There are 2 protein chains.
Amino acid sequence: MVTSEQVAQLAGVSRATVSRVLNGSARISDDARERVHKAIKALGYEPNVVAQNLARPRSRMIALGLFHDNEGLAISQLGRTENYFYIDMVRHIDRCVAEIGYDLFMPSLPRSKPESYIRSLQARRAAGIIMLAVDQSDPRIEALIQAKIPTVFVDAMGEGSHATYAQSNHLEGARQVGEHLLALGHRRIAFLIEPLSNPTSTERLLGCQQVLARAGVPFDPGLLCQIEWSTDEAYHATKEFLSRRRDFTAIVAGSDMMAIGILRALHEAGLRVPEDVSLTGFDDVVLSQYTTPPLTTVRQDKEALGKGAVQRLIALIEETGDVSPLIVPSQLVVRESTGPAPVSS
Amino acid sequence: MVTSEQVAQLAGVSRATVSRVLNGSARISDDARERVHKAIKALGYEPNVVAQNLARPRSRMIALGLFHDNEGLAISQLGRTENYFYIDMVRHIDRCVAEIGYDLFMPSLPRSKPESYIRSLQARRAAGIIMLAVDQSDPRIEALIQAKIPTVFVDAMGEGSHATYAQSNHLEGARQVGEHLLALGHRRIAFLIEPLSNPTSTERLLGCQQVLARAGVPFDPGLLCQIEWSTDEAYHATKEFLSRRRDFTAIVAGSDMMAIGILRALHEAGLRVPEDVSLTGFDDVVLSQYTTPPLTTVRQDKEALGKGAVQRLIALIEETGDVSPLIVPSQLVVRESTGPAPVSS
DNA sequence: CTGAAAGCGCTTACAG
DNA sequence: CTGAAAGCGCTTACAG
């Protein structure tokens with residue numbers, strides 16, 4: 001591996017000077033700058049980022065975490081169906097982070113206590129962390145805030161001197177769903193959603209409830225079903241649910257990936273979508289247009305979320321710029337899984 | 001942050017000794033070992049892995065790469081529908097790597113030449129790399145082999161003094177598909193598969209061809225359609241294909257994610273699956289049991305692949321153990337997207 | 001068994 | 001503008 005020492009020798013300067021031209025320091029003679037650049041090119045030099053991260057007061061590594069079931073292995077969690085939406089979003093985060101010259105990494109930390117999670121993060125010298133959090137009560141949220149590690153939470157509402165958050169306007173999205181179903185004549189609507197320890201879930205429920213309440217539609221608690229949110233679990237839970245109740249004309253699923261499982265349970269039960277029952281999702285994952293029928297859902301603006309989260313994290317790290325919570329508008333997308341409520345029932 | 005220096009002081013030993021007990025060096029007095037452990041616990045010490053990776057002759061970081069369209073941003077690539085199968089596999093890789101005390105990272109490297117890709121990898125001090133490669137002609141494959149960076153290729157056939165590969169037995173899986181369709185009476189079978197620059201694709205085609213040829217079924221080149229392999233592209237390509245030809249009773253899709261797109265195009269064209277046309281996929285991604293109808297496919301053993309790849313990479317890095325290419329058996333899973341060939345046509 | 005010293009490859013005050 | 005030196009937090013021969 002070629003080092004800055006070799007570049008310095010070839011250019012006839014010191015390592016300090018090489019470092020300075022690399023980091024765009026101001027006071028460098030044009031002559032020196034040019035000689036260094038020439039040497040870098042000739043040698044194919046690329047600075048050792050591990051050494052840089054150790055030497056600099058602040059590293060250029062951003063950690064991406066995903067809290068799920070108290071697991072620390074972020075990459076593994078990302079592969080669970082319930083997190084497919086985040087995969088779409090992470091693509092934008094990745095791109096955005098690369099553009100500003102930082103490295104993104106997903107620390108695979110063993111399951112452990114919050115304090116040790118923090119220490120592992122520090123041991124890896126993360127400059128900051130983007131935390132995809134699905135459970136507001138996860139103790140690591142508070143631990144990150146206390147530790148004053150620059151953090152942007154996505155879908156959890158952590159705030160502090162070095163923390164802020166970004167999320168879609170789930171409430172507004174849910175209201176659109178409520179209005180859409182209402183307009184189609186639905187009155188008895190079932191909610192198959194994630195446990196309400198997930199704030200996203202709560203907002204989605206609330207948005208629908210608000211609209212229905214204003215329209216004078218009574219809320220039937222028996223039609224509210226909190227289920228775990230993988231496609232598999234949604235499928236099984238729906239089968240069980242259908243064995244108890246069928247007196248509804250529409251289902252609001254907590255997410256698209258849940259809707260995919262619900263759809264199958266509905267098919268197997270001989271219920272047609274949307275003729276017998278309408279179904280809506282949330283998120284607009286790539287696959288929601290490939291279900292049978294294609295899914296009516298609420299689109300989250302993945303790009304705005306991803307870029308916004310990165311921008312705020314940098315602002316937090318560099319202590320300059322906008323660090324206010326980011327709320328991104330979301331938008332109902334009507335496809336073919338919703339239709340008029342059946343007249344008889 | 002607490003450093004090894006502080007631990008040393010509290011334990012009344014030198015930093016060297018702290019380092020030795022941490023790394024399980026043999027010759028350490030029980031007394032010293034115990035004092036150090038006590039100090040570590042008292043201080044909540046966790047070694048700085050960045051410093052470790054710099055100081056050690058060999059780091060404990062494993063890079064995960066994904067070559068796709070000459071892009072370097074691995075995490076972004078992973079989120080494309082065409083790579084959903086790899087997401088499932090990566091979960092096992094992640095877990096396995098964490099178990100042996102290594103860190104997994106997905107370098108987000110800007111699009112660049114092979115040489116500079118190699119340099120970036122070295123600049124990040126990767127001990128080795130697991131390369132998910134989808135195009136055998138990608139120049140980075142050869143570059144990695146030449147550079148003698150320990151590498152395990154998945155789905156590309158790179159071999160060298162420091163390189164080996166792991167993949168499913170796609171040929172055998174494809175034979176099972178061919179036999180299954182043959183047994184159901186299909187004779188005119190369309191292949192909508194990835195471009196043959198992808199060796200996986202070639203093997204899958206070949207396996208089916210072999211079986212059909214042995215059965216005396218002629219191969220119609222007009223029924224072979226090489227299309228890009230995202231769900232989207234498969235959908236659009238299928239629409240186009242259906243406008244030209246419909247004289248087939250079965251479609252072999254190059255992958256499950258392609259089959260999902262194909263399924264939609266078939267629905268829209270008014271063709272019923274499997275009554276009018278049977279459809280098979282490959283991979284058995286999580287979602288293949290949630291399509292309508294659930295997909296007949298070939299299951300890849302993700303766990304065996306992931307674990308096997310990691311085991312071989314470690315063998316390559318430590319220069320001891322089995323580094324022979326790993327071929328994992330795969331297995332037809334019959335679900336509801338295949339049925340008897342329609343009698344009339 | 002253990003410590004002092006050199007080294008991993010950078011960056012950054014400190015002088016000049 | 002530029003270099004010599006110290007430092008980032010570890011590990012590992014080298015002695016003893």
Side-chain angles (χ1 to χ4, degrees), chain A residues 1-37 39-40 43-61 101-103 119-127, chain B residues 1-37 39-40 43-61 101-103 119-127:
Chain A
M1 229 190 85
V2 17
T3 69
S4 68
E5 175 64 40
Q6 299 170 44
V7 175
Q9 286 195 358
L10 184 59
V13 298
S14 70
R15 282 154 67 215
T17 300
V18 173
S19 176
R20 287 193 188 99
V21 343
L22 236 47
N23 296 299
S25 167
R27 323 90 158 302
I28 288 282
S29 68
D30 289 352
D31 178 50
R33 189 194 316 282
E34 196 180 332
R35 292 215 310 279
V36 169
H37 275 136
I40 288 177
L43 263 31
Y45 169 70
E46 182 133 356
N48 180 322
V49 313
V50 174
Q52 287 181 319
N53 286 331
L54 186 62
R56 288 205 253 248
R58 183 201 298 150
S59 86
R60 297 217 182 131
M61 318 255 312
Y102 277 66
D103 263 23
R119 283 201 298 265
S120 298
L121 227 41
Q122 289 168 331
R124 283 165 180 75
R125 298 209 117 220
Chain B
M1 231 190 82
V2 17
T3 68
S4 68
E5 174 64 41
Q6 299 170 44
V7 174
Q9 286 194 359
L10 184 59
V13 298
S14 71
R15 283 153 67 215
T17 300
V18 173
S19 176
R20 287 196 188 97
V21 343
L22 236 46
N23 296 298
S25 168
R27 323 92 158 303
I28 288 282
S29 68
D30 290 350
D31 178 49
R33 189 193 317 280
E34 195 179 333
R35 293 214 308 281
V36 169
H37 275 137
I40 287 177
L43 262 31
Y45 169 69
E46 182 132 356
N48 181 323
V49 314
V50 173
Q52 286 182 319
N53 285 331
L54 185 62
R56 289 206 252 248
R58 183 202 298 150
S59 87
R60 297 216 182 131
M61 317 256 311
Y102 277 67
D103 263 23
R119 282 201 299 263
S120 298
L121 228 41
Q122 288 168 330
R124 284 166 181 73
R125 297 209 119 218

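Letters A, B, ... mirror the listed sequences (proteins, then strands); counts begin at 1. What you are looking at is a predicted structure, and each value in this text was computed from that prediction instead of being measured.
For C/dG9, the OP1/OP2 oxygens have no side-chain nitrogen or oxygen of A/Ser4 closer than 4.0 Å. Between D/dG9 and B/Thr3, no contact under 4.0 Å exists linking OP1 or OP2 to a side-chain N or O.
At whole-Å resolution of the value, CG in A/Asn53 and P in D/dC10 are 15 Å apart. Computed from coordinates, the A/Leu54 CG to D/dA6 P distance equals 18 Å when rounded to whole Å. Taking atom CG of residue A/Leu43 and atom P of nucleotide C/dG9, one finds them 14 Å apart after rounding to whole Å. Here D/dG7 presents its C1' atom at 15 Å from CE of B/Met1, a figure rounded to the nearest Å. Per the geometry, CG belonging to B/Leu22 stands 16 Å off P belonging to D/dG9, to the nearest Å. As rounded to whole Å, 8 Å separates atom P of D/dT2 from atom CG of A/Asp31. A straight line from CZ of A/Arg58 to P of C/dT11 spans 15 Å, rounded to a whole angstrom. Between the CZ atom of B/Arg35 and the P atom of C/dC1 there is a distance of 15 Å, rounded to whole Å.
One can find a donor-acceptor pair under 3.5 Å joining the base of C/dG3 and the side-chain atoms of B/Arg20.
Within 4.0 Å of A/Val49, counting heavy atoms only, lies no atom of the nucleic acid at all. Counting any heavy atom pair closer than 4.0 Å across all strands shown, A/Val18 reaches no nucleic acid atom.
Checking C/dT2, D/dG9, D/dT2 against every side-chain atom of A/Ile28, the shortest atom distance belongs to D/dT2. Here the nucleotide nearest the side chain of B/Ala55, chosen from C/dT12, D/dC1, D/dC10, is D/dC10. Comparing atom distances between the A/Thr17 side chain and each of C/dC10, D/dG3, D/dG9 picks out D/dG3 as nearest. Side-chain atoms of B/Pro47 lie closest to D/dC10 of the nucleotides D/dC10, C/dG9, C/dT11. Considering only side-chain atoms of B/Ala16, the nucleotide from D/dT2, C/dA4, C/dG7 that sits closest is C/dA4. Nearest to the side chain of A/Ser19, among C/dT12, D/dG3, D/dT2, sits C/dT12.
For B/Arg125 (side chain) and A/Val50 (main-chain N/O), no donor-acceptor pair under 3.5 Å exists by modelled atom type.
With values rounded to the nearest 0.5 angstrom, A/Gln9 atom CD is found 8.0 Å from A/Thr3 atom OG1. Here the CE-CG distance, from A/Met1 to A/Asn48, works out to 4.5 Å after rounding to the nearest 0.5 Å.
The salt bridge (Lys or Arg N to Asp or Glu O under 4.0 Å) test applied to B/Asp31 returns B/Arg35, not counting sequence neighbours.
Remark: C/dA4 base-pairs with no nucleotide in the shown strands. Criterion, Watson-Crick or G-U wobble with two distances under 3.5 Å. The partner of D/dA13 is absent, by the rule that a Watson-Crick or G-U pair needs both atom distances under 3.5 Å.
Around atom CZ of A/Arg56, more than 12 heavy atoms belonging to other residues, nucleotides or ligands sit under 6.0 Å away. Within 6.0 Å of the CD atom in A/Glu5, the count of heavy atoms belonging to other residues, nucleotides or ligands exceeds 12.
Toward the 5′ end of DNA chain C lies the nearest nucleotide of B/Ser14, the other residue of the pair B/Arg125 and B/Ser14 mapping further downstream. When each of B/Asp30 and B/Arg56 is assigned the nucleotide of DNA chain C with its nearest heavy atom, B/Asp30 is the one assigned upstream, toward the 5' end.
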